[in-house]
Amino acid sequence: MRNREIAELLYETADIMEFQQIEWKPRAYRRAAQNIENLGEDIEKVYEKKGKKGLTEIPGIGEAIADHIAEYLETGKVKKFEDLKGKAPSGTTELMEIRGLGAKKTKRLADELKVKTIPDLKAAVNAHRIRRLEGFGEISEENIARSLRNYEKSHSRMALGKVLPLAEEIISALKTTLKTELGSKTPEIDFSKLIYTGSLRRLKETIGDIDILAEAEGEQVGKVMNAFVSLPAVGQVVSKGNTRSSVILKEGLEVDLRVVPPESYGAALQYFTGSKEHNIELRNIAQREGYKLSEYGLYEKASGKQVAGKSEEEVYRKLGLEYIVPELRENRGEIKAAIKKILPKLIEAKDLKGDFHLHTDYSEGRASLETMVKKAETMGYEYIAVTDHSRSQRIAHGMEIDTLKAQWEEIKKLSKRFKIKILRGSEVEVLKDGSLDYPDEILKELDIVVGAVNSGFSSSEREMTGRIVTALENRHLDILAHPSGRLLGKREAYAVNFGTVFETAAANGKVMEINSQPSRLDLNDELILRAKEYGLKFCISTDSHSMSDLASMRYGLGQARRGWLEKEDVVNTYPYSRLKEVFKKLRD
DNA sequence: GCCGTTTTCGGCCCGACTGTTTTCAGTCG
C-alpha cells in the first residue's frame, strides 16, 4: 500500500508551490493528497486495474495529477516535481512547519536573509537579524525563537492513549479553578459542556493538539480564558482573545480553548470536532439547501436568520441528515449513509462482556493471575481469557509446558472462587514457518489460542504472508493478535498482503484482534474497514500487562467504532453461551 | 489544478488573532 507515500509526495509538492507563491494549486494538491490518504483501497492496484482513468475517478484527482501519479508509479519520480524542487531551496518546506511562518514569510527570509534551513533560522534569530526586516519586529523574532524551541521539543503527533488522559486532566483542572473562582453567586457555567473536541473527540489514533470547547457569555468569558491560560501545566501563552486562546503545555503539546455562547454551542462543537473533510462536505450540503454553516450556527442565506446551533443534533437534523457520531466523521461515506438514514448502530462500551488477551506474572505481566481475575470481575465482565506468552518468547518469559499446566491448575482453583468465567488461553508465537509454538496436544487443551507474530519483522511480504496464512489454516488457532505488528511512531507494520490474510481468515472462521494498547491500536481503523468487507469477525482486546491496562479497552473500542463496527461484528460482546459459535474448542 | 443542481469559466471556507500596520496582511485552524 503506497497511498501514504504518494500523499506525502503531493503534500510536499503543495508546500513547495506555496513557497513559490503559486495560487490555488497547493490547495488542489492537498485535497488530492487527503483523498488518497482516506481512499481505503490501494491506489497502486487502482492504477493497475483501471489505469489513469481509475485515478481520475478519485475525487480531487484530475488529468494532471493523475499523470503525475502514473509517472511516479511507473518510474519512481515525477519530472515536474523534481524541477520544482530544484527551484526551491531545500529546507524551506521544513521552515514552513515552524509555527508563525507561512509561505510568504519563509520566502522573504530566504530571499532577504538567505535563511533556508532550521539552523540558518536559529543563527538569524540569535544574531537579531530578523527584527531588522521590514514587517517583522522584536516580538516576531521572539515568537520565532519560541516556536523554534517548541518545534525541537515535539513536532509530531502523540498517541491517543497519552493525550486523552492529559486532556481529561486539563479539563478537570479548569473546572476546579472555575468552581473556586466563581463561587456560588455568579451564574453557573454548564460544566457538562466543557469538553474536548477535534481529532481527540473522534478518537483518532494520533493527536496533533488538544481542542477544548466551553459555553459561556458576557463577563464569564474572560474568567474562563484567564483560568485557562493560568493553569499550572501551561508553559507558554500563544494567543488570548474573547473567543479563542491558545497555549503550549510545558511538555510541548498545544491546547486551544474556544468559548461560544449557548445559541452557538452545538454548531461550534460540530465545527471544531471535524474532520475538515467531513465539514467541507457538510457545508456543501448547507449551501445547496440555501443555508450557510459556520461555527456559530446554521443560517438561512436569504434572511440571515439562525435555524440551528444550540445542539449538534439540531444542525444535522436541519440539513436532512441522521445524527453522525464523532468517530465516523471522516468523509468516508458517513454523510451519504446519514442522508439515506442507514448509518450503522456502532458498538458501545456497555456491549463488551470480556477480554481475550491479557498477561500475568506467569510471563511478562506485572500482576498476579488472581489480581487480574479479580479486577476483571469488578469491571463487570462475564469472561476473560488468560493468554501468557508461549515458550519461544524467551524475552517475554514465555512459558514452558509445565508452567502452563501449573497455570491451568490455578485457573481451576480460582474458578471456584470467582463468578467470572476464566478461559485457558495463550498468546502463541507464530513461528517462522507458520507453525504454532506448542504441540497439538497442548493447543487442543487450550480454550482460546491467540496467534501472534512477535519476531522476524523484516521478512519479505511473501514470507510474512505465507507464515500468517499457514497459521490461519491451523485448526487450533482462534484469534490473530495485532495483525499488522505496527508500533505507533516506532515501527511500521510488517510487509504482508492483507487481502490474502483477510481472505484466508474469513475462509477459516478466524477472528481478527483489535489490540487496544495505546502504542499498538492494531488493527487500525482503515484495516478494520477493509477486513469487514471480507465478512470477518473481530475481538477488542487489551493485551493487558498490568491491572490498569485493563482500562485501555476504550482505545480499541474507539478504533472499532471508527471502523464502523456494530455489536454483532465483535465477538467479545457475545454472552458466554454464544462463544461456542465462534471458538472451535468451546464446541468440542 | 479541480470541479459543476452556481456547470466548461471562475470560484476555491472563513473567522479569529497577532504584530505591525495607520487600515491590514499573514497565519492558523
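- Comparing B:dG19, B:dA16, B:dG26 against the side chain of A:Arg244 picks out B:dA16 as the nearest.
- Here the options are A:Leu487, A:Leu523, A:Asn515, A:Ile514, the test is side-chain contact (heavy atoms from CB on, under 4.5 Å), and the partner is A:His482; only A:Asn515 passes.
- B:dC12 has its base stacked against the ring of A:Trp24, the centroids being under 5.5 angstrom apart at an interplanar angle below 30°.
- In this entry the distance linking CD of A:Glu23 with P of B:dG11 reads 13 Å, nearest Å.
- Nucleotides B:dT27 and B:dT20 have their C1' atoms positioned 14 Å apart, rounded to a whole Å.
- With both ends at atom P, the span from B:dG26 to B:dT21 equals 13 Å, rounded to whole Å.
- Picking from B:dG19, B:dT27, B:dG1 the nucleotide with the shortest atom distance to the side chain of A:Ile139 gives B:dG19.
- A side-chain hydrogen bond (donor to acceptor under 3.5 Å, both in side chains) with A:Glu327 is found for one member of A:Arg561, A:Arg202, A:Gln559 and no other, namely A:Arg561.
- When distances run from any side-chain atom of A:Lys240 to the nucleotides B:dC3, B:dT18, B:dG1, the shortest one goes to B:dT18.
- Comparing B:dG1, B:dG15, B:dT27 against the side chain of A:Lys104 picks out B:dT27 as the nearest.
- Pairing of B:dC3, defined by two Watson-Crick or G-U wobble distances under 3.5 Å, is identified with B:dG10.
- Checked options A:Leu113, A:Asp111, A:Thr106; the residue passing with A:Leu109 is A:Leu113 (criterion: side-chain contact (heavy atoms from CB on, under 4.5 Å)).
- Within 4.0 Å of A:Pro26, counting heavy atoms only, lies no atom of the nucleic acid at all.
- For B:dT6, the OP1/OP2 oxygens have no side-chain nitrogen or oxygen of A:Lys301 closer than 4.0 Å.
- Put simply, A:Arg99 has a side-chain N or O that comes within less than 4.0 Å of OP1 or OP2 on B:dG29.
- Judged by distance alone, the side chain of A:Glu566 and the main-chain N or O of A:Lys345 form a donor-acceptor pair under 3.5 Å.
- When rounded to the nearest whole Å, the span between CD1 of A:Ile210 and C1' of B:dG29 equals 16 Å.
- Looking at which nucleotide of DNA chain B each of A:Gly60 and A:Phe272 is closest to, the 5′-most match is held by A:Gly60.
- When the C1' atom is compared between B:dG11 and B:dC17, the two are found 27 Å apart, to the nearest whole Å.
- Residue contacts shown for A:Leu101 are limited to sugar-phosphate atoms, with no base heavy atom under 4.0 Å away.
- Put simply, the side chain of A:Val325 reaches to within 4.5 Å of the side chain of A:Tyr323, judged on heavy atoms.
- If you check every strand for non-hydrogen atoms under 4.0 Å, A:Glu254 touches sugar and phosphate atoms only.
- Residues A:His278 and A:Glu334 bring a donor and an acceptor atom of their side chains to less than 3.5 Å of each other.
- Note on A:Asn242: only backbone sugar-phosphate atoms sit closer than 4.0 angstrom, heavy atoms only; bases stay farther off.
- No contact: A:Leu293 has no heavy atom under 4.0 Å from any strand.
- For A:Ser239, whose side chain is taken as the heavy atoms from C-beta onward, the closest listed nucleotide among B:dC28, B:dT18, B:dC12 is B:dT18.
- Nearest to the side-chain atoms of A:Tyr296 among the listed nucleotides B:dG1, B:dG15, B:dG29 stands B:dG15.
- Here B:dG29 is the nucleotide among B:dC12, B:dG26, B:dG29 with the atom lying nearest to any side-chain atom of A:Tyr271.
- Protein atom CG of A:Leu109 is 14 Å distant from nucleotide atom C1' of B:dT27, rounded to whole Å.
- B:dA25 atom C1' lies 17 Å from atom NZ of A:Lys107, rounded to whole Å.
- When the P atom of B:dG29 is taken as reference, atom CZ of A:Arg157 falls 11 Å away, rounded to whole Å.
- At least one side-chain nitrogen or oxygen of A:Lys80 sits closer than 4.0 Å to the OP1 or OP2 atom of B:dG1.
- B:dG15 sits 24 Å from B:dG10 when the C1' atoms are compared, rounded to a whole Å.
- Phosphate contact (OP1/OP2 of B:dG26, side-chain N/O of A:Lys105, threshold under 4.0 Å): absent.
- Among the protein residues, A:Ile98 comes within range of the sugar-phosphate backbone only, with heavy atoms under 4.0 Å from sugar or phosphate atoms but none that close to a base.
- The residue A:Gln287 sits close to a base: some heavy atom pair falls under 4.0 Å.
- Residue contacts shown for A:Ala32 are absent, as no nucleic acid heavy atom lies under 4.0 Å away.
- The side chain of A:Lys292 has B:dG15 as its nearest neighbour among B:dG1, B:dG15, B:dT18.
- The side chain of A:Glu295 lies closest to B:dG15 when the candidates are B:dG1, B:dG15, B:dT6.
- Taking atom CD1 of residue A:Ile280 and atom C1' of nucleotide B:dC2, one finds them 13 Å apart after rounding to whole Å.
- Only the P atoms considered, B:dG29 is 29 Å distant from B:dT23, to the nearest whole Å.
- For the pair A:Val238 and A:Gly102, both in contact range of DNA chain B, the more 5′-proximal nearest nucleotide belongs to A:Val238.
- Separating the CD atom of A:Glu134 from the C1' atom of B:dC24 is a distance of 14 Å, rounded to the nearest angstrom.
- No cation-pi contact links A:Lys77 to A:Tyr72, judged by a cut-off of 6.0 Å to the six-membered ring centre and 45° from its axis.
- Residue A:Asp209 contributes atom CG, which lies 13 Å from atom P of B:dC28 at whole-angstrom precision.
- Among the atoms of the strands shown, only primed sugar atoms or phosphate atoms (P, OP1, OP2) are found under 4.0 Å from some heavy atom of A:Glu138.
- A side-chain donor-acceptor contact under 3.5 Å links A:Gln306 to the backbone of A:Glu263.
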